[in-house]
Protein chains: 2
Amino acid sequence: MSVTRERIIELGENLILTKGYNAFSYQDISTELGIKNAAVHYYFPTKANLGTSIVKTNILRFEEMIDNMHSRGFDEWKQLDAFIKIYIKSHREQKLCIVGSLGPDFDTLNETTQSELVKMTELIVSWLTEILNSGKEKGYFAFNEDAGNKASMIFSSLVASLQLSRIIKNLDYKSYCQAIQEGLKP
Amino acid sequence: MSVTRERIIELGENLILTKGYNAFSYQDISTELGIKNAAVHYYFPTKANLGTSIVKTNILRFEEMIDNMHSRGFDEWKQLDAFIKIYIKSHREQKLCIVGSLGPDFDTLNETTQSELVKMTELIVSWLTEILNSGKEKGYFAFNEDAGNKASMIFSSLVASLQLSRIIKNLDYKSYCQAIQEGLKP
DNA sequence: TTGGAAACTTACTTATTAGTAAGTATTTTT
DNA sequence: AAAAATACTTACTAATAAGTAAGTTTCCAA
């Protein structure tokens, strides 16, 4: 694959996570990469193509992470911990996550980008639900709510707290994440 | 106050809650109101002015609601319930809340709009923290986390779940909100 | 009844946006 | 060595954005 193509996706993702989908332009990317506007259109004819590719890349990355954790024999605690660590990293880098950034702009997105975003979100929530369910069975976790609801709650807590910490600068993100984990202890 | 001015604010707020700040234009407003583009600029010279006014209106509305609940003698349960009901209504109307909509676009906002958004967010979180604290003392609520953390968690759950339900259409918002309240019962 | 403020419209400007058509240089394949 | 694919640039177009200056209508107060 082309290096330029990959750098466009990388830069585009960063722009979505910091400025938002509707606030970044092809000019932002081309200037940063030292190429012309039309060169970005060469790889991604429309902005919708780029958006879709960025979400697809995120899906792939997430699936790879799951595979990786399975092959390493991570238990439910470790898997949840690894997932939360992604968000702690994003917080450190002052970035949102792709779902939290594209979610509010959902209605302005192209249909294809929308369905990829739906796929990504459902993938995360269903994975989290499974982890919570099997972790509860094994006695790792304790909670009374429906596992699906609990998964949505944990996920939305992580997503929105990144947004909140952008507004409230002194939000203690780590202790906030610890509280999520503490709340699951038997 | 002018009716047109108020309708511009109302429409602008709706546009922010559905399309996002960077996706709506003065044209969207003027067309809907049957006036010209320049008429919107007459009331709000810049888009930043409009954005700031919209957030200020939200702050006022929230403060009025708190006052109203106090004068009606609402206890902590009823106050939290009323707060959650706002989000259930937003969900029904397929809207986000102002914090969840402007939060991701924070870095692209004017400084004045930013500081009003900070004010609004801190107002909500500190109010929620107080409610949780005094409600816990009176035995209405039970939780182990720090009240500030718990307040942030509840708030971000509400904010992000509106975003999530835009992506995952069959998310059961009401039972999700009930789970938040159940989790607080002693 | 006249002066002036309020509430606009007309008619623009400037900047930026996504997107394209046609051309060029470089590398790869045949 | 010729053909063709790759990776761009040049040079645009058309649309839309925010914003403004100057003029017009309407209404109210002195």
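Throughout, protein chains are lettered first and strands after them, A, B, ... in sequence-line order, and every chain is numbered starting at 1. Reckoned from all heavy atoms, side chains included, excluding hydrogens, waters and symmetry mates.
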Original post:
Would you call B/K185 and B/E182 a salt bridge, taking side-chain N to carboxylate O under 4.0 Å as the test?
Top reply: yes

**OP:** Report the residue (A/Y42 or A/N37) whose heavy-atom-nearest nucleotide on DNA chain D is the more 5′ of the two.
**Re:** A/Y42

**OP:** Go through the steps to decide whether B/Q181 and B/D81 satisfy the test side-chain contact (heavy atoms from CB on, under 4.5 Å), and finish with yes or no.
**Re:** CA-CA 8 Å; B/Q181 286 172 309; B/D81 194 61; 2.8 Å; yes

Original post:
Which part of the nucleic acid, if any, lies within reach of B/K47 when heavy atoms closer than 4.0 Å are counted: base, sugar-phosphate only, or nothing?
Top reply: sugar-phosphate

**OP:** Check every strand shown and say whether B/Y26 touches a base, only sugar-phosphate, or nothing at a heavy-atom separation below 4.0 Å.
**Re:** sugar-phosphate

Original post:
Hey, is B/K95 close enough to B/E13 for a salt bridge, meaning N to O under 4.0 Å?
Top reply: no

Original post:
Rounded to the nearest Å, what distance is computed from the CD1 atom of residue B/I29 to the P atom of nucleotide D/dA17?
Top reply: 11 Å

**OP:** Could you tell me whether the phosphate oxygens of C/dT17, OP1 or OP2, come under 4.0 Å of any side-chain nitrogen or oxygen in A/S25?
**Re:** yes

**OP:** Tell me what A/F44 touches on the nucleic acid: a base, only sugar-phosphate, or nothing, going by heavy atoms under 4.0 Å.
**Re:** nothing

Original post:
Within the structure, does a side-chain N or O atom of A/S2 lie under 4.0 Å from either OP1 or OP2 of D/dT6?
Top reply: no

**OP:** Kindly indicate whether a cation-pi arrangement holds for A/K138 with A/Y140, taking the cut-offs as under 6.0 Å to the six-membered ring centre and within 45° of the axis.
**Re:** no

**OP:** Take the protein atom NZ of B/K36 and the nucleotide atom C1' of C/dA11, then report the distance between them rounded to whole Å.
**Re:** 11 Å

**OP:** Let me know the distance between CZ of B/F24 and C1' of D/dT16, rounded to the nearest Å.
**Re:** 15 Å

Original post:
Relative to the 5' end of DNA chain C, which residue comes earlier, A/T46 or B/A38, by the nucleotide with the nearest heavy atom?
Top reply: B/A38

